[in-house]
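Every number for a ligand or one of its atoms is a count from 1 in the order of the listing.
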Amino acid sequence: MTQTLHIVGGGMAGSEAAWQAANLGIQVVLHEMRPKVETFAHRTGDLGEMVCSNSFRSDDHEQNAVGLLHWEMRQAGGLIMDTAYANRLPAGGALAVDRDAFSAAVTAKLINHPNIKVSYEEITDLPDDGHWIFATGPLTSESLGGAIQAETGADRLAFFDAIAPIVYADSIDMSVAWKQSRYDKGETEEEQKAYINCPMTKPQYEAFIDALLAADKTEFHEGETAKYFDGCLPIEVMAERGRETLRHGPMKPVGLTNPHDPETKAYAVVQLRRDNALGTLYNIVGFQTKMKYGAQTSVFKMIPGLEDASFARLGGIHRNTFLNSPTLLDSQMRLRSKPHIRFAGQVTGVEGYVESSAMGLLAGRMAAHEMLRAPLADVPQDTAHGALIHHITGGAEAKTFQPMNVNFGLFRPLEGLRGGRRGRKDRYKAYTDRAKACWTDWLAAQKEPA
Ligand SMILES: Cc1cc2nc3c(=O)[nH]c(=O)nc-3n(C[C@H](O)[C@H](O)[C@H](O)COP(=O)(O)OP(=O)(O)OC[C@H]3O[C@@H](n4cnc5c(N)ncnc54)[C@H](O)[C@@H]3O)c2cc1C
């Protein structure tokens, strides 16, 4: 009997997954709820609709981790990337597209594929058997969200993100900052030094609060309401509630002694916590924010020790349905409790069109190979796809898991290369060269398209 792969959600990830599986000879049914059921952000019934910006970000595959993902997807015959290139608009080093032409072309390619049937309907349950990929995105419908929560437990599916900025560890000035957990808590030295602390004097704190209050903020989109972030306030909102609020909240200076100046008590302390197993990334604890990106960089660089910080990602708060993937998914993106179901795209805790499409590409290939009884080897960790999937299914801290963009902080460091800003160009080129070689080998070992 012919087996069918069901893919739920015809956005970036679902469209790419369908294309990859269908090209391997698998019969695919792509279930998309639009235009029958709408979301607050989508405007059309097209597949692969871009809900906001028309850019796939940097196309530099030698010096940029997103550009490297582009390159890897193109090598794998990616639908989203190939269609983006075909509908490209001039945008300097970025890959920007004519959004309507782009989604119309994605829709036409999928509808006309002999192995794909598109079914316009909402799926509201997690099925008990068959082969399924759920790629329902940040705006997964309410009834399906409820069904996922019933399976995973309420605390493992979030309906909004609250992203604190993430800093590259090697860009923090440790002659100003120091490692220590409050009251030296923890059994091991590693736990007792789990946080990086940045001290502030009273004038520095006052100037920081003034800058926070004056900074440009983004508005919530229509349909995103404050109820999604109750209990997880942006720092600027905390500052608006009173100039001392942050000093009694995430910036409290208690239980810490600055080894660079042990006699002076800091007036406030900003703490950063390790964000990945590699120890290359740290997030600024409690600093979720709705400040505009430009404002974030200048305000956060006022923090002593972060004057030269490089940010792997900036903060944000959005309506966003996503799983606690490090605890729920295995390395092949299968739900551990129901392995006939995979998840893909933004719902797995990646962020952005490119990252979501990349996770769709992997899920489509993995499901197809499993159905062809030729399971895929795990994706090499030193590729951009591998760094990302490894992060969401294992490398990230499960307790504080928040959506992630691809960035070089997720890559395993290479020995013998110069650190810091000065060595960045050579380091990034070495990462991208290594990734390209691994990706090429991984693709070469797979089944050829039917
Ligand atoms: C308001 C907003 C603005 C954004 N702006 C940007 C941006 O500028 N740049 C960027 O890179 N990323 C942006 N994002 C993130 C972006 O949405 C994702 O990166 C990307 O679209 C995710 O791809 P996906 O395939 O996982 O989800 P989507 O592209 O959202 O696709 C999911 C699909 O599943 C369908 N679906 C949902 N539930 C069901 C169901 N029960 N049954 C059947 N179908 C269902 C939806 O209709 C949708 O078509 C934004 C997100 C939001 C919400």
Side-chain angles (χ1 to χ4, degrees), residues 6-19 29-58 66 69-70 79-80 84 94-97 99 102-103 106-107 110 118-127 132-148 159-161 163 218-225 228 293 313 316-323 325 333 342-364 392 403-406:
H6 295 270
I7 298 178
V8 186
M12 295 294 156
S15 297
E16 186 65 59
W19 183 254
V29 178
L30 180 57
H31 306 263
E32 170 51 58
M33 69 179 186
R34 290 176 295 114
K36 285 186 191 154
V37 181
E38 295 181 334
T39 78
F40 79 82
H42 292 88
R43 297 279 171 262
T44 72
D46 281 351
L47 304 171
E49 179 180 333
M50 303 175 91
V51 287
C52 189
S53 145
N54 67 332
S55 169
F56 288 97
R57 311 188 343 254
S58 171
V66 177
L69 263 187
H70 292 184
L79 169 72
I80 297 297
L95 176 56
V97 301
R99 70 175 69 239
F102 167 80
S103 58
V106 168
T107 308
L110 292 170
V118 181
S119 174
Y120 291 97
E121 60 182 334
E122 180 189 5
I123 301 294
T124 55
D125 277 314
L126 293 182
W132 291 80
I133 297 175
F134 281 79
T136 45
L139 307 178
T140 294
S141 71
E142 211 173 314
S143 40
L144 180 61
I148 298 173
F159 292 104
F160 68 95
D161 58 37
I163 298 168
T218 47
E219 296 299 319
F220 277 89
H221 283 264
E222 183 195 337
E224 286 182 309
T225 64
Y228 292 116
Y293 282 175
R313 70 159 308 159
I317 299 179
H318 314 95
R319 171 81 173 83
N320 194 357
T321 309
F322 67 98
L323 299 167
S325 295
M333 304 170 84
R342 280 184 164 77
F343 281 88
Q346 189 142 326
V347 75
T348 63
V350 298
E351 169 94 21
Y353 302 142
V354 183
E355 289 85 342
S356 299
S357 316
M359 294 303 103
L361 184 148
L362 292 182
I392 61 170
M404 187 52 116
N405 285 132
V406 71

Practice task
Could you tell me whether some N/O pair between Ser55 and ligand 1 is separated by less than 3.5 angstrom?
Solution key: no
Handout entry: Residue pair Glu351, Met404: steps toward the side-chain contact (heavy atoms from CB on, under 4.5 Å) verdict
Key = CA-CA 5 Å; Glu351 169 94 21; Met404 187 52 116; over 6 Å; no
Practice task
Could you check if a side-chain atom of His42 sits within less than 4.5 angstrom of a side-chain atom of Met33, using non-hydrogen atoms only?
Solution key: no
Exercise for the section: Give the contacting part of Val51 toward ligand 1: side chain, backbone, both or neither, where contact means a heavy-atom distance below 4.0 Å. Expected result: side chain
Fill in the blank from the handout: If we number the atoms of ligand 1 from 1 as shown, the ones under 4.0 Å from a heavy atom of Pro138 are 17 (O), 27 (O), 30 (O)
Exercise for the section: Mind telling me whether Trp132 and His6 have parallel, tilted or perpendicular rings, with 30° and 60° as the class edges? Expected result: parallel
Problem - Best match, Ser15, Ser143, Ser357, Ser53: closest heavy atom to atom 8 (O) of ligand 1 - result: Ser53
Practice task
Please confirm whether Arg34 comes within less than 3.5 Å of ligand 1 when only nitrogen or oxygen atoms on both sides are compared.
Solution key: yes
Exercise for the section: Pick, from Gln346, Met12, His31, His42, the option with the minimum heavy-atom distance to atom 30 (O) of ligand 1. Expected result: His42
Problem - Close side-chain approach of Ile148 to Thr321, heavy-atom, < 4.5 Å - result: no
Problem - Atom indices of ligand 1, in the order listed, that fall short of 4.0 Å to a heavy atom of Val8 - result: 42 (N), 43 (C)
Practice task
Answer yes or no for Glu121: is there a heavy-atom contact with ligand 1 below 4.0 Å?
Solution key: yes
Problem - Glu32, any N or O under 3.5 Å of ligand 1 N or O - result: yes
Handout entry: Distance in Å, Ile123 CD1 paired with Leu144 CG, rounded so as to fall on 0.5 Å steps
Key = 8.5 Å
Handout entry: Single hit among Glu121, Glu49, Glu122 for salt bridge (charged side-chain N to carboxylate O under 4.0 Å, His left out) with Arg34
Key = Glu49
Handout entry: ligand 1 atoms in contact with Ile123 (distance to a heavy atom under 4.0 Å)
Key = 40 (C), 41 (N), 42 (N), 43 (C)
Exercise for the section: Report yes if Leu144 has an N/O atom closer than 3.5 Å to an N/O atom of ligand 1; otherwise report no. Expected result: no
Completion exercise
If we number the atoms of ligand 1 from 1 as shown, the ones under 4.0 Å from a heavy atom of Gly345 are 26 (O)
Practice task
Examine Phe56 together with Phe102 and report whether their ring centres are nearer than 6.0 Å.
Solution key: yes
Exercise for the section: Starting at NE2 of His31, measure out to CD1 of Ile133 and round the result to the nearest 0.5 Å. Expected result: 11.0 Å
Practice task
Nearest 0.5 Å please: distance from the OG1 atom of Thr348 over to the CZ atom of Arg342.
Solution key: 13.0 Å
Fill in the blank from the handout: d(Ile317 CD1, Ile163 CD1) to nearest 0.5 Å is 9.0 Å
Practice task
Answer yes or no: does an N/O atom from Gly352 fall short of 3.5 Å to an N/O atom of ligand 1?
Solution key: yes
Practice task
Say whether Gly14, considering both its backbone and side-chain N or O atoms, lies within less than 3.5 Å of an N or O atom on ligand 1.
Solution key: no
Problem - Distance, nearest 0.5 Å, that separates CD of Gln346 from OG of Ser357 - result: 10.5 Å
Problem - N or O pair under 3.5 Å between Tyr353 and ligand 1 - result: yes
Handout entry: Which segment of Ala135 sits under 4.0 Å of ligand 1 when only heavy atoms are counted
Key = backbone
Exercise for the section: Give yes or no for whether the N/O distance cutoff of 3.5 Å, strictly under, is met between Ala13 and ligand 1. Expected result: yes
